[in-house]
Visitor: 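Below: one structure in structure tokens.
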Amino acid sequence: MRTREEALAYGLTFPNTYQEAPFGDQNWQLVRVKGSKKAFLWTYERDGFINLNVKVDTEWRDFWRETYPSVVPGYHQNKEHWNTIILDGSIPEEDIKRMIAESYDLITDSPTKRIYEAVKKIPRGRVATYSQVAELAGNKKMCRAVGNALHKNTDPDRVPCYRVVNAKGELASEFVFGGKDVQAAMLRADGIEVVDGKIDLEKYGMKL
């Protein structure tokens with residue numbers, strides 16, 4: 001990969017992305033994510049080469065800089081979280097694509113998204129507690145965020161939030177998708193026993 005066109009074309013292969021030149025300067029062409037409008041790929045020409053700015057996980061930041069001399073701290077951006085890739089032909093295309101993909105993943109990540117992905121992992125016939133979902137989502141301390149995210153869940157068919165109970169195995173008093181007793185009915189349809197609004201976590205609890 002040596003050209004701006006190749007980099008932009010690859011960036012636009014990711015879901016819900018669009019290209020923009022936001023500064024009234026055609027030298028700066030960005031690929032953003034729809035909705036959040038956050039940019040994960042910046043392209044510009046500098047010192048005779050096309051440069052790409054990509055967001056980077058701090059655990060990988062120095063690895064890339066040490067592996068390739070043409071990966072340097074982000075130009076005009078936070079150097080802790082961004083790298084600049086100089087397209088001088090010295091970096092294998094697969095690694096350039098990997099860095100762009102990692103940038104996209106970091107920009108599109110959110111606690112809510114991670115919570116929903118965690119809930120999808122709860123198998124039929126099992127329940128998980130709010131703290132377990134928080135742990136699966138990467139942060140044991142965000143139990144309240146789990147509750148908020150599930151309350152706003154717009155896709156209950158794909159994100160089975162009815163399989164989430166509190167630490168005592170108790171169901172929600174008013175399930176958000178139908179009211180009282182709806183959660184219990186959905187759990188029973190999964191083959192889970194509900195007794196007095198509670199689940200036996202020893203029997204039906206998901207094991208992490």
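Only heavy atoms go into these numbers, but all of them, side chains included; no hydrogens, no water, no symmetry mates. Each residue takes its place number in the sequence, starting with 1. Since the model is a prediction, treat every value here as computed from it, not as a measurement.
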Visitor: Could I get the full list of side chain to side chain donor-acceptor pair (under 3.5 Å) partners for D47, not counting sequence neighbours?
Guide: none

Visitor: Can you name the salt bridge (Lys or Arg N to Asp or Glu O under 4.0 Å) partners of D190, sequence neighbours left out?
Guide: R124, R163

Visitor: Minimum heavy-atom separation for T112 to A149, with atom names?
Guide: CG2-CB, 4.2 Å

Visitor: Partners of A184 by side chain to side chain contact (heavy atoms under 4.5 Å, CB included), sequence neighbours excluded?
Guide: L171, R188, V194

Visitor: Check whether the side chains of D88 and S70 place a donor and an acceptor atom closer than 3.5 Å, and report yes or no.
Guide: yes

Visitor: In plain terms, say whether E117 and K121 are close enough for a salt bridge, that is, a side-chain N and a carboxylate O under 4.0 Å apart.
Guide: no

Visitor: Give every donor-acceptor pair under 3.5 Å between a side-chain atom in residues 201-208 and any protein atom, sequence neighbours left out.
Guide:
{"residue": "K203", "atom": "NZ", "partner": "E193", "partner atom": "OE1", "Å": "2.7"}
{"residue": "Y204", "atom": "OH", "partner": "E193", "partner atom": "OE1", "Å": "2.9"}

Visitor: Which residues end up grouped with L106 if you chain together Ile, Leu, Val, Met, Phe, Trp and Tyr wherever their side-chain heavy atoms are less than 4.5 Å apart?
Guide: none

Visitor: Applying salt bridge (Lys or Arg N to Asp or Glu O under 4.0 Å), can you list everything that pairs with E135, at least two apart in sequence or on another chain?
Guide: none

Visitor: Going by side chain to side chain contact (heavy atoms under 4.5 Å, CB included), name the residues that satisfy it together with T58, two or more places apart in sequence or in a different chain.
Guide: R61, E80, H81

Visitor: Give me the one residue out of E102, R32, K55 that meets side-chain contact (heavy atoms from CB on, under 4.5 Å) with I107.
Guide: K55

Visitor: Got a sec, which residues hit side chain to side chain contact (heavy atoms under 4.5 Å, CB included) with E5, two or more places apart in sequence or on another chain?
Guide: T3

Visitor: ring-ring contact (aromatic ring centres under 6.0 Å, His included) with Y18: which residues, sequence neighbours excluded?
Guide: none

Visitor: Name all pairs fulfilling the ring-ring contact (aromatic ring centres under 6.0 Å, His included) condition that reach into residues 94-146, sequence neighbours left out, sorted by first residue then second.
Guide: F14-Y104, F40-Y104

Visitor: N27: which residues meet the side chain to side chain contact (heavy atoms under 4.5 Å, CB included) condition with it, sequence neighbours left out?
Guide: R4, D25, Y44, E45

Visitor: Mark yes when over 12 heavy atoms from residues, nucleotides or ligands other than E94 sit less than 6.0 Å from its CD; otherwise mark no.
Guide: yes

Visitor: In Å and rounded to the nearest 0.5 Å, what is the CG to CG distance from L30 to L8?
Guide: 9.0 Å

Visitor: Enter the distance from T67:OG1 to I91:CD1 here, rounded to the nearest 0.5 Å.
Guide: 10.0 Å

Visitor: Quick one: list whatever passes salt bridge (Lys or Arg N to Asp or Glu O under 4.0 Å) with E93, sequence neighbours left out.
Guide: K97

Visitor: Tell me whether the rings of W28 and Y75 are parallel (<30°), tilted (30 to 60°) or perpendicular (>60°).
Guide: parallel

